[in-house]
There are 2 protein chains.
Amino acid sequence: MSASPLPDGPRRYHHGNLKAALVEAGLALLEERGLANLSLREIAARVGVSHTAPKNHFGSLKGLLTAIAAEGFRRHAAALEAGLRPEDGPVERLHAAADGYVRFARDHPALFRLMFSADLCNHEDPDLSAAASASYGVLARLAERLAPGKGGGGGQTRMETLLWSIVHGYAMLANEGQLATGPEGNPVHGILDLFRHWPDLGGSGNRRNRVAVTVLS
Amino acid sequence: MSASPLPDGPRRYHHGNLKAALVEAGLALLEERGLANLSLREIAARVGVSHTAPKNHFGSLKGLLTAIAAEGFRRHAAALEAGLRPEDGPVERLHAAADGYVRFARDHPALFRLMFSADLCNHEDPDLSAAASASYGVLARLAERLAPGKGGGGGQTRMETLLWSIVHGYAMLANEGQLATGPEGNPVHGILDLFRHWPDLGGSGNRRNRVAVTVLS
DNA sequence: GTGAAAAATTTACACTGGAAACATGAGTGC
DNA sequence: GCACTCATGTTTCCAGTGTAAATTTTTCAC
């Protein structure tokens with residue numbers, strides 16, 4: 001994704017790669033200044049272009065934010081898959097993906113919030129929708145290994161939803177600072193620990209087609 | 001919470017109850033126009049006051065939003081407790097609270113988003129912090145019944161975090177339309193179903209001090 | 001070359017939240 | 001009764017935002 005003008009020569013009237021450059025600048029500003037302080041004009045200024053130039057490519061601010069969120073989901077999916085080692089069992093792989101999920105939210109809080117904000121970006125957009133689905137698919141495939149779907153009654157979908165809810169909820173709460181400043185000094189536990197402390201979660205072999213979560217003594 | 005001027009007489013220079021009136025107007029506008037379209041000026045206009053009047057009571061827009069979020073958390077806690085019948089067992093009560101959680105998010109999506117937005121409101125504020133903790137406490141007490149904390153190693157806190165993550169994650173995803181428009185037409189499941197389909201979750205008696213979650217056949 | 005369309009700019013507008021100076025009036029001390 | 005004080009609101013102004021419309025510049029197809 002090169003986002004600089006095509007040749008490295010002096011300023012030209014046509015940027016040549018403005019669309020990608022705006023997305024890249026938006027991602028950078030998101031990290032630097034946060035979601036609340038992000039503005040269309042500032043993104044355009046960083047690329048060195050008038051503040052109405054993005055309209056040609058994205059229609060409106062929402063369109064630009066949608067494109068940024070789509071790129072975010074692509075990186076999100078990559079973060080989920082980064083720790084997945086093929087030789088590991090389904091449980092280890094689940095741990096790795098969950099760790100990637102939470103780590104991504106922690107490392108890119110503003111982008112993460114944007115990605116899941118129905119207000120700020122248009123989730124009907126095909127590009128964003130596809131990127132989000134790809135990211136979800138990583139978790140879904142891991143759930144598939146755990147729940148082969150023989151149980152009937154939508155057990156497969158339910159398992160996906162459960163996993164996603166846990167990981168997303170934890171990431172969201174940690175991201176918004178809710179877990180750290182809890183009622184009676186709630187320490188932050190990694191979602192990885194959360195999973196790891198489910199003793200009967202399979203042990204790494206899938207010799208039993210059964211996932212039992214024992215929380216209490 | 002009466003938010004109208006003290007007597008019903010004609011307009012007076014001093015509102016008399018501006019602080020509560022602004023919070024109430026903000027809550028109403030949040031429902032009507034959504035979080036993105038909420039503005040300080042419009043809230044003030046609805047109360048019939050200049051747009052700088054709120055500054056005396058809340059300092060800034062963030063201060064006002066913080067107060068609105070605090071009131072939101074109070075109603076949230078009430079929604080969690082609404083379905084709790086004392087004669088029910090811990091699992092039924094958990095179901096009821098989870099149902100209230102998701103229902104609240106669904107019925108008041110804009111307010112729910114505001115409440116958990118670290119950008120928009122100040123979670124250091126004592127009033128907001130107390131209200132949020134009270135709301136969290138409802139879930140925590142239910143977790144306590146399930147996990148008496150004898151297991152050591154922070155099992156109690158971990159159980160709270162797990163429950164909260166599940167419920168909050170599900171509510172958040174459903175709220176942002178992620179679950180409905182999932183990858184391959186993911187149907188929306190109530191969080192209540194999610195819990196109810198954990199067959200070994202205690203059965204309504206707590207005769208066993210053990211919570212086993214069996215997801216698969 | 002020439003003409004059409006894409007890409008950017010300039011300008012203008014309605015709106016936002018905040019700052020500063022001012023107006024009002026409720027309450028207190030006498 | 002009366003002045004003084006200070007919380008409460010208003011007016012005015014400002015920098016900043018996103019969007020729309022008209023205009024300029026460039027590219028590309030023919």
Side-chain angles (χ1 to χ4, degrees), chain A residues 3-7 9-26 29-30 32-69 110 114 117 119-122, chain B residues 3-7 9-26 29-30 32-69 110 114 117 119-122:
Chain A
S4 43
L6 294 180
R11 185 74 64 79
R12 310 169 32 139
Y13 190 90
H14 282 65
H15 184 282
N17 204 12
L18 185 55
K19 198 163 184 177
L22 286 171
V23 170
E24 192 169 312
L29 278 173
L30 216 45
E32 297 172 16
R33 323 237 301 109
L35 182 53
N37 298 327
L38 192 67
S39 84
L40 177 77
R41 293 175 109 105
E42 202 169 0
I43 298 178
R46 167 175 283 235
V47 179
V49 106
S50 82
H51 76 281
T52 52
K55 186 171 193 180
N56 294 320
H57 299 278
F58 299 103
S60 68
L61 171 64
K62 192 170 194 169
L64 173 53
L65 293 182
T66 299
I68 294 174
L114 169 63
S117 163
D119 270 355
L120 297 178
C121 51
N122 174 24
Chain B
S4 43
L6 293 179
R11 185 76 63 80
R12 314 175 22 143
Y13 191 89
H14 282 67
H15 184 282
N17 203 12
L18 185 55
K19 197 164 184 176
L22 286 171
V23 170
E24 192 170 311
L29 280 172
L30 216 44
E32 297 172 15
R33 323 238 299 109
L35 182 53
N37 298 327
L38 192 67
S39 83
L40 176 76
R41 294 176 107 105
E42 202 168 2
I43 298 178
R46 168 175 282 234
V47 179
V49 105
S50 80
H51 81 279
T52 51
K55 185 172 194 178
N56 294 319
H57 299 277
F58 300 103
S60 69
L61 170 63
K62 193 168 195 170
L64 173 52
L65 293 182
T66 299
I68 294 173
L114 170 63
S117 163
D119 269 356
L120 296 178
C121 51
N122 173 25

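What you see below is based on every heavy atom in this structure, not just the backbone, and it leaves out hydrogens, waters and symmetry mates.
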Got a sec, which residues hit side-chain contact (heavy atoms from CB on, under 4.5 Å) with Asp119(A), two or more places apart in sequence or on another chain? Ser117(A), Leu35(B), Ala36(B), Arg113(B)
Rounded to whole Å, the CG-C1' distance (Leu18(A) to dT27(D)) equals 15 Å
Describe the nucleic acid contact of Ser50(B) in one word from base, sugar-phosphate, nothing, applying a heavy-atom distance below 4.0 Å. base
Closest heavy-atom contact between Ala67(A) and Val23(A)? CB-CG2, 3.9 Å
Here the residues of residues 51-61 of chain B within 4.0 Å heavy-atom distance, strictly under, of DNA chain C are His51(B), Thr52(B), Lys55(B), Ser60(B), Leu61(B)
Round to the nearest Å and state the distance from Leu65(B) atom CG to dG17(C) atom C1'. 11 Å
Measure the distance from NE2 on His15(B) to C1' on dT24(C) and round it to the nearest whole Å. 16 Å
Would you please test Glu42(A) and Glu32(A) for side chain to side chain contact (heavy atoms under 4.5 Å, CB included) and show each step? CA-CA 12 Å; Glu42(A) 202 169 0; Glu32(A) 297 172 16; over 6 Å; no
Atom-pair distance (NZ on Lys19(A); P on dA8(C)), nearest Å: 12 Å
May I ask you to check whether over 12 heavy atoms, not counting those of Lys19(A), lie within 6.0 Å of atom NZ? no
From CZ (Arg41(B)) to OG1 (Thr52(B)), nearest 0.5 Å: 8.5 Å
Look at the side chain of Arg41(A) against the base of dG18(D) and say whether a donor-acceptor pair falls under 3.5 Å; ignore hydrogens and angles. yes
Atom CD1 of Ile43(A) and atom C1' of dT19(D): how far apart are they, to the nearest Å? 15 Å
Under the side chain to side chain contact (heavy atoms under 4.5 Å, CB included) criterion, do Leu38(B) and Leu114(B) qualify, and how do the steps go? CA-CA 11 Å; Leu38(B) 192 67; Leu114(B) 170 63; 5.7 Å; no
Gap between atoms CG and C1', on Leu29(A) and dT17(D) respectively (whole Å): 15 Å
Atom-pair distance (NZ on Lys62(A); P on dT19(D)), nearest Å: 10 Å
Provide, to the nearest angstrom, the distance between the CD atom belonging to Glu42(A) and the P atom belonging to dA15(D). 17 Å
